[in-house]
Amino acid sequence: MAPLRQSFAGDAIAAARRLLGMVLVHGAHRARIVETEAYLGPHDLACHAAKGRTARTEVMFGPPGHAYVYLVYGMHHLLNVVTGPEGYPAAVLIRAAEPLTPNLPALDGPGKLGRALGIDRRLNAVDLCDPGSPLHLEPRDGPRPRIAAGPRIGVDYAGAWPHKPYRFMVAGSPHGSRPRLC
DNA sequence: TAAGTGATACGC
DNA sequence: CGTATCACTTAC
């Protein structure tokens, strides 16, 4: 398996950490990922896959390294990277990124990132490991960033799960999302 | 602190 | 069918 896809073939926590520092490319837009959240699988009550295999969650059951894009609150498109072995539904939410191209506003929240980069559900299921995809990832070029962890955001409905430290950030980055709980 | 927005999942 | 809920953001 190609090295980039291999980064996502393990569990969502490992993938969430490896995604930090990678560059997200959509057309002319480029942004460096600085904050991610892991959604571990069917047993994770905060993970959409806990609801079972549905039309929406179908892509999470597919191969790793593909996009899972969905609409929340009727207006925000959120981008996730499918992780885990094929058939095991898990994903990593991209929460914030550092703008690398001119004319990009702050990408300090998953909804703002989706809107600024022009991401919507038409990109659901695209292969993020294929440089030919309109939306794809580039491997991290620099050194491995120092990583900070904290609780996930916006999933208080999921019992004890929200308190687990499955949210990962590039330590000290000024480009993270607003609820800065660390 | 609350509204906005529409897909989704689930109950009937 | 109806309707409750939502991995968020922005304006009061």
Side-chain angles (χ1 to χ4, degrees), chain A residues 8 11-20 22 24 26 29 31 33-62 64-84 88-99 103-126 128 135 137 147-170 173-182:
Chain A
F8 311 122
D11 66 79
I13 290 176
R17 298 172 64 93
R18 289 192 185 114
L19 272 163
L20 296 176
M22 287 191 190
L24 186 62
H26 186 212
H29 299 315
I33 295 167
V34 300
E35 185 174 324
T36 59
E37 263 178 14
Y39 289 84
L40 276 48
H43 61 290
D44 176 358
L45 296 184
C47 182
H48 291 166
K51 296 286 184 186
R53 190 164 189 157
T54 68
R56 181 172 68 157
T57 62
E58 180 63 28
V59 68
M60 277 202 277
F61 289 81
H66 288 241
Y68 167 41
V69 181
Y70 68 95
L71 183 67
V72 74
Y73 294 112
M75 45 188 112
H76 302 296
H77 295 272
L78 271 52
L79 171 65
N80 299 250
V81 182
V82 172
T83 71
Y88 185 83
V92 174
L93 172 67
I94 308 300
R95 283 198 60 89
E98 171 191 358
N103 306 321
L104 272 181
L107 309 172
D108 55 350
K112 292 159 77 176
L113 183 148
R115 185 177 51 144
L117 297 183
I119 292 166
D120 63 41
R121 294 183 309 151
R122 289 173 303 194
L123 293 166
N124 190 49
V126 304
L128 297 171
L135 178 66
L137 292 163
I147 298 174
R152 292 183 291 191
I153 306 293
V155 291
D156 288 351
Y157 62 88
W161 280 98
H163 313 304
K164 304 270 188 182
Y166 297 152
R167 173 182 175 223
F168 302 96
M169 294 148 278
V170 173
S173 171
H175 302 101
S177 66
R178 297 299 290 169
R180 212 156 294 195
L181 298 177
C182 292

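A note on names: the letters A, B, ... follow the listed sequences, proteins ahead of strands, and every chain is numbered from 1. What you see is a predicted model, and the numbers here were worked out from it, not measured in a lab.
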Measure from the side-chain N and O atoms of A:Asp108 to the backbone N and O of A:His175, and report whether any donor-acceptor pair falls under 3.5 Å.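 The answer is no, because no donor-acceptor pair under 3.5 Å joins these two groups.
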Please check if the side chain of A:Thr57 supplies one atom and the backbone of A:Gly52 the other of a donor-acceptor pair under 3.5 Å.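 Present.
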Reckon [X] has a side-chain N or O less than 4.0 Å from the OP1 or OP2 of [N]?
X	N	result
A:His48	C:dA7	yes
A:Tyr157	C:dA7	yes
A:Arg53	B:dA9	no

Need one value for A:Gly111: base, sugar-phosphate or nothing, where a base atom within 4.0 Å counts as base even if backbone is also close, heavy atoms only. sugar-phosphate
Pick base, sugar-phosphate or nothing for A:Leu78, based on heavy-atom distances below 4.0 Å to the nucleic acid.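 Since only primed, P, OP1 and OP2 atoms lie under 4.0 Å of A:Leu78, the category is sugar-phosphate.
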In A:Leu93, A:Leu117, A:Asp120, A:Ile119, the residue satisfying side-chain contact (heavy atoms from CB on, under 4.5 Å) with A:Leu79 is A:Ile119
Out of [options], whichever nucleotide has its closest atom nearest the side chain of [X]:
X	options	result
A:Arg115	C:dA7, C:dC8, C:dT10	C:dT10
A:Arg56	B:dA9, C:dC8, C:dT10	B:dA9
A:Arg121	C:dA7, B:dT8, C:dT9	B:dT8

Would you mind reading off the distance between [X] atom [atom1] and [N] atom [atom2], rounded to a whole angstrom?
X	N	atom1	atom2	result
A:Asp120	B:dG6	CG	C1'	14 Å
A:His77	B:dT8	NE2	C1'	14 Å
A:Ile153	C:dC6	CD1	P	16 Å
A:Tyr68	B:dA7	OH	C1'	11 Å
A:Tyr73	B:dA9	OH	C1'	16 Å
A:Asn80	C:dC8	CG	P	11 Å
A:His76	B:dT8	NE2	P	16 Å
A:Asp156	C:dC8	CG	C1'	13 Å

Heavy-atom side-chain contact between A:Leu24 and A:Leu135 under 4.5 Å: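 A:Leu24 reaches A:Leu135 side chain to side chain.
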Could you check whether A:Tyr39 and the base of C:dA7 form a stacked pair, meaning centres closer than 5.5 Å and planes differing by less than 30°?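 A:Tyr39 ring centre within cut-off of C:dA7 base, planes near parallel; stacks.
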Watson-Crick or G-U wobble partner of B:dA7, both distances under 3.5 Å: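 Base partner found: C:dT5.
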Considering residues at least two apart in sequence or located in another chain, which fulfil the side-chain hydrogen bond (donor to acceptor under 3.5 Å, both in side chains) criterion with A:Asp44?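 By the side-chain hydrogen bond (donor to acceptor under 3.5 Å, both in side chains) rule, A:Asp44 matches A:Arg152.
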Would you state whether a donor and an acceptor, one from the side chain of A:Tyr70 and one from the base of B:dA7, lie under 3.5 Å apart? no
Let me spell it out: for each of A:Lys51 and A:Gly74, pick the nucleotide of DNA chain B with the closest heavy atom. Which residue's pick is nearer the 5' end?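 Result of the comparison: A:Gly74.
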